[in-house]
Asker: 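Structure in structure tokens, see below.
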Amino acid sequence: MKRRMAEPYKIKAVEPLTMLTYEERKEALKQAGFNTFLIDSADVYIDLLTDSGTSAMSDRQWGALMVGDEAYAGSKSWKKLEAAVREIYGYKYILPTHQGRGAENILSQLKIKPGDYVPGNMYFTTTRAHQELNGATFVDIIINEAHDSSIELPFKGNVDLQKLSNLIQNVGPERIPYVCVAITVNMAGGQPVSMQNLREVYELCHRYGIDVMFDATRCVENAYFIKEREAGYSNHKIKDILKEMLSYSDGCTMSGKKDCLVNIGGFLAMNDEDLYARSRELVVVYEGMPSYGGMSGRDMEAMAQGIYESIDDHYISHRIEQVRYLGQQLIDADVPIVRPVGGHAVYLDAKQFLPHLQQEEFPAQALAAALYLDSGVRAMERGIISAGRNKETGEHNKPRLELVRLTIPRRVYTNSHMDVVADSVISLFEKRNQISGLRMDYEPPTLRFFNARFSPLSENQELIAAEENVVSTQ
Ligand SMILES: Cc1ncc(COP(=O)(O)O)c(C=O)c1O
Ligand SMILES: N[C@@H](Cc1ccc(O)cc1)C(=O)O
């Protein structure tokens with residue numbers, strides 16, 4: 001018998017949740033233009049929009065806030081954070097940034113020239129936006145299987161080495177400033193990259209003098225999958241796996257808001273002294289002094305402590321198991337989701353869930369809206385809206401994956417919350433034919449998913465039947 005695992009923490013403070021009625025949720029959704037990003041958090045019951053900046057901090061982190069050194073220059077808290085990153089991640093030079101995209105901005109500005117190509121294992125919205133703003137073209141070099149939600153592979157985030165070497169041959173290594181490898185791959189469903197693949201990418205790139213920069217945002221989760229799935233690592237500590245993974249890179253951008261277990265913060269790390277010197281100059285332009293980079297002293301204290309907590313083997317195994325617990329309930333009910341379940345979220349396959357909708361009717365956006373209406377659970381579209389438009393043709397980019405992301409914040413919800421989410425998704429699946437598509441009424445030019453507004457395609461049609469009132473205070 002497989003023994004069950006409980007949360008490796010107990011609850012010391014609680015935050016009461018709001019439960020609106022169906023009618024109230026309907027109104028809130030309308031006000032938000034059917035975009036879950038625009039719903040007020042006060043109107044949300046279980047918030048699975050993101051795992052970013054939504055972690056619950058430990059008592060030690062809260063305690064650490066009190067010793068934050070708020071000096072403008074040379075903060076002690078920065079020294080502590082720098083030492084933690086150096087010890088656990090292993091890079092020589094580290095610069096603080098307000099969050100991950102601050103690091104992406106500096107890296108992209110310093111390394112990219114117009115006309116360059118930046119290969120990556122599937123795009124991420126902010127990462128690609130910075131690459132494009134600096135004149136680069138993003139090239140997807142993830143294995144083909146990552147674009148198919150149903151294929152079960154242990155390391156579905158892997159780079160296709162053939163695609164990478166073809167690109168190097170076609171455009172020449174001098175037009176590739178670096179390869180960006182995400183660990184894990186958010187847009188593919190939180191899928192990990194194997195140690196072997198990381199090693200091979202690094203060797204290939206270094207043969208051509210190309211740097212490898214990781215998007216290390218969820219690197220601890222990636223380390224857990226290596227321990228679980230890759231031969232030779234089952235007896236290794238997460239800490240050691242992580243160190244080895246990061247040794248196959250020349251630096252990284254990091255959103256501390258995920259695996260570092262804090263609400264804000266990030267960093268840019270590297271081993272090259274010259275890049276570090278130039279990055280310091282840009283940090284003062286965009287972020288602040290190189291001893292705080294947009295974070296307060298207390299933020300840096302909390303992040304240093306969070307980095308140590310994140311590599312605790314019990315913490316990380318419970319984290320991944322909780323995401324899987326939700327995913328397994330959906331699999332058991334035949335709900336189409338991205339397989340295997342990834343590290344930070346369960347992704348519904350909206351194309352299969354709503355086969356009666358065309359991709360231009362925004363099935364994932366409609367499904368996320370219907371889920372909120374059904375139960376007050378907030379999720380996020382990761383499909384055609386997130387993919388934006390082709391910068392040359394102006395047409396919608398049409399990703400093969402049209403997904404709704406149920407993202408699990410770290411240490412925040414219990415498995416009972418997961419049960420409520422599963423019940424809502426399953427009940428929507430049973431009445432999926434009633435979910436209609438959306439039209440986009442307002443579309444911002446960049447990162448459109450954050451602020452776009454929609455309305456139901458048919459005025460007479462409810463997204464789901466109105467009498468259903470799954471979660472209500474009444
Ligand atoms: C994979 C990945 N990279 C980069 C970022 C950017 O980080 P941030 O939100 O801290 O700017 C995020 C989240 O936004 C992410 O999920
Ligand atoms: N990185 C965070 C926040 C975010 C969400 C959507 C984005 O496209 C960009 C950033 C996440 O993946 O949840």
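Indexing begins at 1, ligand by ligand and atom by atom, following the structure's order. In this chain, residues are counted from 1 in sequence order. As the structure is a computational prediction, the values presented were derived from the model and not from experiment.
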Asker: In terms of residue, atom name and distance, what is the protein heavy atom nearest to atom 6 (C) of ligand 2?
Answerer: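 Protein heavy atom at minimum distance: Arg382 NH1, 3.4 Å.
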
Asker: Could you list the atoms of ligand 2 found under 4.0 angstrom from a heavy atom of Thr50?
Answerer: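 The list of qualifying atoms is 2 (C), 11 (C), 13 (O).
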
Asker: Give the residue, atom name and distance (to 0.1 Å) of the protein heavy atom nearest atom 8 (O) of ligand 2.
Answerer: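 For atom 8 (O) of ligand 2, the nearest protein heavy atom comes out as Thr125 OG1, 2.5 Å.
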
Asker: Could you walk me through whether Phe267 and Tyr89 pass ring-ring contact (aromatic ring centres under 6.0 Å, His included), step by step?
Answerer: CA-CA 11 Å; Phe267 59 82; Tyr89 289 70; 5.6 Å; yes

Asker: Where is the nearest protein heavy atom to atom 13 (O) of ligand 2: which residue, which atom, and how far?
Answerer: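 Answer, as residue, atom name and distance: Arg405 NH2, 2.4 Å.
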
Asker: If you count the atoms of ligand 2 from 1 in the order shown, which ones are under 4.0 Å from a heavy atom of Arg218?
Answerer: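 What qualifies from ligand 2 is 11 (C), 12 (O).
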
Asker: Please state which option from Phe124, Phe449, Phe37, Tyr123 has its nearest heavy atom closest to atom 4 (C) of ligand 2.
Answerer: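 Looking at heavy atoms only, the winner is Phe124.
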
Asker: Answer whether the closest heavy-atom distance between the side chains of Leu198 and Val181 falls below 4.5 Å.
Answerer: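 Yes, side chains in contact.
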
Asker: If you measure from the Lys or Arg side-chain nitrogens to the Asp or Glu carboxylate oxygens, is any gap between Glu203 and Arg199 under 4.0 Å?
Answerer: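 Salt bridge: no.
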
Asker: Under 4.0 Å between a Lys/Arg side-chain N and an Asp/Glu carboxylate O for Arg101 and Glu104?
Answerer: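 Answer for the salt bridge query: no.
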
Asker: Within the supplied structure, the quantity of interest is the number of heavy atoms (other residues, nucleotides, ligands) at a distance under 6.0 Å from Lys163 NZ; does it exceed 12?
Answerer: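 More than 12 within 6.0 Å, yes.
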
Asker: What atoms of ligand 2 come closer than 4.0 angstrom to any heavy atom of Ser52?
Answerer: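 What qualifies from ligand 2 is 2 (C), 3 (C).
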
Asker: Side chain, backbone, both or neither: which part of Arg448 comes within less than 4.0 Å of ligand 2 when only heavy atoms are counted?
Answerer: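 The answer is neither.
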
Asker: Sub-3.5 Å donor-acceptor pair from the side chain of Arg410 to the main-chain atoms of Asp51, do we have one?
Answerer: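 Looks like yes, one N/O pair under 3.5 Å.
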
Asker: Is Arg60 atom CZ crowded by more than 12 heavy atoms from other residues, nucleotides or ligands, each under 6.0 Å away?
Answerer: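 Atom CZ in Arg60 is not crowded, with 12 or fewer foreign heavy atoms closer than 6.0 Å.
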
Asker: Applying the side-chain contact (heavy atoms from CB on, under 4.5 Å) criterion to Ile316, which one of Ile238, Leu242, Ile311 satisfies it?
Answerer: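 Going through the options one by one, the only one that passes is Ile238.
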
Asker: Only one of Thr253, Leu268, Val285 passes side-chain contact (heavy atoms from CB on, under 4.5 Å) with Ile106; say which it is.
Answerer: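 So the option named by the test is Leu268.
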
Asker: Side chain, backbone, both or neither: which part of His344 comes within less than 4.0 Å of ligand 2 when only heavy atoms are counted?
Answerer: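 Within the 4.0 Å criterion, His344 makes no contact with ligand 2.
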
Asker: I'd like the name of whichever of Arg128, Met380, Met187, Lys258 reaches closest to atom 2 (C) of ligand 2 through any heavy atom.
Answerer: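 Minimum heavy-atom distance to atom 2 (C) of ligand 2 goes to Lys258.
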
Asker: Please confirm whether Asn186 approaches ligand 2 to less than 4.0 Å, judged on its heavy atoms.
Answerer: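 Heavy atoms of Asn186 do come under 4.0 Å of ligand 2.
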
Asker: Under 3.5 Å, is there a donor-acceptor pair between the side chain of Asn134 and the main chain of His130?
Answerer: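 Side chain of Asn134 to backbone of His130, a donor-acceptor pair under 3.5 Å: yes, one is there.
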
Asker: Quiz question: by atom type and distance under 3.5 Å, do the side chains of Tyr292 and Asp69 form a donor-acceptor pair?
Answerer: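 No, Asp69 and Tyr292 have no side-chain donor paired with an acceptor closer than 3.5 Å.
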
Asker: Which atom pairs, nitrogen or oxygen on both sides, join ligand 1 and the protein at under 3.5 angstrom?
Answerer:
unit_1, atom_1, unit_2, atom_2, d
ligand 1, 3 (N), Asp215, OD2, 2.5
ligand 1, 7 (O), Ser255, OG, 3.4
ligand 1, 9 (O), Gln99, NE2, 3.2
ligand 1, 9 (O), Arg101, NH2, 2.9
ligand 1, 9 (O), Lys258, NZ, 3.4
ligand 1, 10 (O), Gly100, N, 2.8
ligand 1, 10 (O), Ser255, OG, 2.6
ligand 1, 11 (O), Gln99, NE2, 2.8
ligand 1, 11 (O), Gly100, N, 3.4
ligand 1, 11 (O), Arg101, N, 2.9
ligand 1, 11 (O), Arg101, NE, 2.7
ligand 1, 14 (O), Lys258, NZ, 3.3
ligand 1, 16 (O), Asn186, ND2, 2.9
ligand 1, 16 (O), Arg218, NH1, 2.9
ligand 1, 16 (O), Arg218, NH2, 3.4

Asker: How about CD on Gln358, more than 12 heavy atoms from neighbouring residues, nucleotides or ligands closer than 6.0 Å, or not?
Answerer: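 Open: at most 12 neighbouring heavy atoms sit under 6.0 Å from CD of Gln358.
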
Asker: Does Arg101 have a non-hydrogen atom less than 4.0 Å from ligand 2?
Answerer: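 Under 4.0 Å: yes for Arg101.
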
